[in-house]
Number of protein chains: 2
Amino acid sequence: MSELLTRSIQDYLKHIYELTEHGQLASTNDLARALQVKPASVTGMIQKLASDKPALVAYQKHQGVTLTATGKMAALEVIRHHRLLETWLVQTLGYTWDEVHEEAERLEHVISEEFEARIAAALGNPTRDPHGELIPSEDLTMPADESTPLASLRPNQAASIQRVDAQDPDLLRYLESLGLTPGVEIEVTAYSEFDHNLTVKVGRKSNVLGLSITSKIFVENGK
Amino acid sequence: MSELLTRSIQDYLKHIYELTEHGQLASTNDLARALQVKPASVTGMIQKLASDKPALVAYQKHQGVTLTATGKMAALEVIRHHRLLETWLVQTLGYTWDEVHEEAERLEHVISEEFEARIAAALGNPTRDPHGELIPSEDLTMPADESTPLASLRPNQAASIQRVDAQDPDLLRYLESLGLTPGVEIEVTAYSEFDHNLTVKVGRKSNVLGLSITSKIFVENGK
DNA sequence: AATCAAAATTAGTCTTGCCTAAATATTGTA
DNA sequence: TACAATATTTAGGCAAGACTAATTTTGATT
Ligand SMILES: [Mn+2]
Ligand SMILES: [Mn+2]
Ligand SMILES: [Mn+2]
Ligand SMILES: [Mn+2]
């Protein structure tokens with residue numbers, strides 16, 4: 001799996017992985033939004049990736065793309081780099097979880113396999129990054145994710161936060177200020193069916209959270 | 001000094017700095033060799049850098065280039081990144097001095113000022129990298145270098161090794177195997193004026209070193 | 001002063017990855 | 001079934017940075 005893959009291609013593959021993780025096809029528009037690029041540029045790149053020597057994506061005009069086995073390996077390699085880097089920035093350099101994303105976004109493309117191995121070992125081969133996201137294993141397998149969105153819980157259900165699917169620093173700081181971070185136990189005490197707000201108890205405090213937040217927090221282990 | 005400077009430009013500036021550090025002009029050919037690029041490419045890039053909004057280099061056709069004040073700041077920024085990274089790879093991830101150059105060569109262009117500040121602080125603001133090279137200060141001043149090449153010493157002169165000006169991993173491993181690393185005390189016991197070999201004593205052992213080695217080891221403080 | 005080799009520059013191409021504008025395909029709905 | 005809105009693709013361009021081949025400049029040597 002050694003890389004002749006450009007930075008740009010690595011980012012395409014990573015985002016295609018994320019958009020197709022649950023069996024969907026990634027649309028040109030969704031990719032354009034994720035990559036901050038115009039749809040026409042996505043079409044161009046996708047056509048190139050699809051016609052590469054060993055194709056990195058499977059593509060049919062107007063239908064969207066998925067990754068080939070080769071493309072998936074390359075994507076998982078980048079994702080592993082990203083998540084190990086985030087973990088390591090937090091644990092060894094004192095970054096906070098709202099600061100790491102941007103730094104990792106650049107570093108992920110330039111570290112060697114040697115570097116990856118050394119930080120993984122130094123961290124004790126972690127399985128989750130600071131946001132609770134699962135880290136692909138060294139052999140590029142993505143562990144199964146058992147969690148469900150907090151939004152799907154209803155009053156009297158308790159659970160523990162597994163991961164927070166967000167990179168926006170403001171949102172992350174806000175969540176931290178409420179104590180909504182991975183590992184924390186929470187309980188839903190109220191649900192408003194019109195706006196889908198949930199009232200969530202953390203320790204002694206309760207907060208009312210809208211769907212745009214509860215859909216980004218993933219929990220497990222409701223009692 | 002924030003960067004709109006591409007990776008490629010950063011490498012040009014860094015190498016121009018190194019080639020002009022002692023007052024010379026950097027020639028097109030020397031730069032081409034240093035950057036592993038054809039001379040025609042160097043001419044093209046130099047002309048662009050010379051005609052940039054605030055010019056990064058001063059250039060006259062066929063005469064060679066030097067850095068402007070702006071260009072020098074940008075170069076020192078990259079060099080500071082490189083040398084802090086090398087130091088940090090050795091001290092916190094257990095890299096050896098022959099392994100760090102290549103990794104730092106890529107990382108130097110993508111770390112943030114925040115990252116630079118954090119590793120500098122974590123390392124206690126070091127002034128030399130693992131090869132003994134001086135690290136530009138945070139305000140981008142290069143400390144004065146008092147050292148002279150080992151090649152200039154003669155029998156009965158003693159000195160301590162300050163820095164080793166080499167990146168070739170094989171050479172670095174060889175020097176380490178001889179105990180020729182920064183901080184080590186040495187003494188010259190013989191000189192051969194025909195081939196310029198020096199016999200150098202380190203601890204109990206002596207080795208005969210050719211000019212291609214003694215010109216890359218810099219020493220200070222002969223007693 | 002004339003000559004010549006080495007060094008440097010110019011001219012013209014190529015690749016990568018993006019863009020805008022225009023054309024076309026798909027889809028959901030009337 | 002047909003139309004309009006939406007999504008996607010095509011066509012044509014541009015900027016960076018590299019390359020090769022051809023040409024010019026420099027500066028040493030006769
Ligand atoms: Mn990235
Ligand atoms: Mn993360
Ligand atoms: Mn570099
Ligand atoms: Mn060094």
Side-chain angles (χ1 to χ4, degrees), chain A residues 2-16 19-20 24-67 71 74-75 78 105-106 108-110, chain B residues 2-16 19-20 24-67 71 74-75 78 105-106 108-110:
Chain A
S2 75
E3 320 293 286
L4 306 147
L5 303 181
T6 64
R7 193 164 324 249
S8 181
I9 290 175
Q10 289 181 31
D11 277 332
Y12 271 86
L13 295 176
K14 184 176 67 169
H15 283 107
I16 293 169
L19 289 170
T20 61
Q24 319 89 318
L25 293 180
S27 75
T28 300
N29 266 353
D30 288 350
L31 271 171
R33 190 170 329 107
L35 291 158
Q36 311 250 61
V37 134
K38 301 300 175 194
S41 305
V42 172
T43 299
M45 179 60 93
I46 274 174
Q47 289 178 343
K48 201 184 54 180
L49 298 180
S51 60
D52 267 359
K53 339 255 259 172
L56 295 164
V57 304
Y59 165 66
Q60 297 201 117
K61 277 195 167 92
H62 297 99
Q63 306 299 120
V65 280
T66 52
L67 296 173
V78 180
E105 197 60 46
R106 283 174 280 107
E108 64 188 2
H109 307 292
V110 306
Chain B
S2 73
E3 319 294 286
L4 305 147
L5 303 180
T6 63
R7 195 168 322 253
S8 181
I9 290 175
Q10 290 181 29
D11 278 332
Y12 272 86
L13 296 175
K14 184 176 67 169
H15 283 107
I16 294 170
L19 290 169
T20 60
Q24 319 90 315
L25 293 181
S27 74
T28 299
N29 267 352
D30 288 351
L31 272 171
R33 192 171 326 105
L35 290 158
Q36 310 252 61
V37 136
K38 303 297 174 197
S41 306
V42 172
T43 299
M45 178 61 93
I46 274 175
Q47 290 178 343
K48 199 184 56 179
L49 297 180
S51 61
D52 267 358
K53 340 254 259 171
L56 294 165
V57 305
Y59 165 66
Q60 297 200 118
K61 276 196 168 99
H62 296 99
Q63 305 298 120
V65 280
T66 52
L67 295 174
V78 181
E105 197 59 47
R106 284 173 278 106
E108 65 188 0
H109 308 292
V110 306

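Order of the sequence lines fixes the chain letters, A, B, ..., with proteins taken first and strands second; residue numbering starts at 1 for each chain.
The interatomic distance linking A/Tyr12 (OH) with C/dT16 (P) rounds to 14 Å, in whole Å. Summarising the geometry, the separation between CE on B/Met45 and C1' on C/dA8 is reported as 17 Å, rounded to the nearest angstrom. Spacing between atom CG of B/Leu31 and atom P of D/dA18 amounts to 12 Å, rounded to whole angstrom units. Across the protein-nucleic acid pair, B/Leu49 atom CG and D/dA18 atom P stand 11 Å apart, rounded to whole Å. Regarding B/Gln36, its CD atom lies at a distance of 16 Å from the C1' atom of D/dG17, rounded to whole Å. The distance from atom OH of A/Tyr59 to atom C1' of C/dA25 is 11 Å, rounded to the nearest whole Å. Atom-to-atom, CZ of A/Arg7 to P of D/dG17 comes out at 13 Å; the value is rounded to the nearest Å. We find that CD of B/Gln60 is positioned 17 Å from C1' of C/dA7, with the value rounded to whole Å.
Base engagement by B/Ser41 is indicated by at least one non-hydrogen atom pair under 4.0 Å involving a base atom.
A/Asp52 CG to A/Leu5 CG: the interatomic distance, rounded to the nearest 0.5 Å, is 8.5 Å.
Applying the 4.0 Å criterion to OP1 and OP2 of D/dT8, one finds that A/Gln63 has every side-chain N and O outside that range. For the OP1/OP2 pair of C/dT16 and a distance below 4.0 Å, the side-chain nitrogens and oxygens of A/Lys48 include no atom meeting the criterion. Between A/Asn29 and D/dT6 there is no side-chain N or O to OP1 or OP2 distance below 4.0 Å. Contact between the side-chain N/O atoms of B/Thr43 and the OP1/OP2 oxygens of C/dA8 is not found at any separation under 4.0 Å. The shortest distance between the side-chain N/O atoms of A/Thr6 and the OP1/OP2 oxygens of C/dT16 is not below 4.0 Å.
Here the nucleotide nearest the side chain of B/Ser27, chosen from D/dT9, C/dA8, C/dG17, is C/dA8. Checked against C/dA8, C/dT20, D/dT10, the side chain of A/Lys38 finds its nearest nucleotide in C/dT20. Of the candidate nucleotides D/dC19, C/dA8, D/dA18, C/dA8 has the atom lying nearest to any side-chain atom of B/His62. Between C/dC18, C/dA8, C/dA25, one nucleotide has an atom nearer to the side chain of A/Ser8 than all others, and that is C/dC18.
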Legend entry - Full working for side chain to side chain contact (heavy atoms under 4.5 Å, CB included) between B/Tyr59 and B/Thr43: CA-CA 10 Å; B/Tyr59 165 66; B/Thr43 299; 4.2 Å; yes
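Only one option out of B/Leu35, B/Val57, B/Thr6 pairs with B/Tyr12 in a side-chain contact (heavy atoms from CB on, under 4.5 Å); it is B/Leu35. Checked options B/Gln10, B/Arg7, B/Lys14; the residue passing with B/Glu108 is B/Lys14 (criterion: side-chain contact (heavy atoms from CB on, under 4.5 Å)).
Mapping B/Val42 and A/Ala40 onto DNA chain C by nearest heavy atom places B/Val42 closer to the 5' end of the strand.
Annotation: side chain of B/Gln47 is in contact with side chain of B/Lys61 (closest heavy-atom distance under 4.5 Å).
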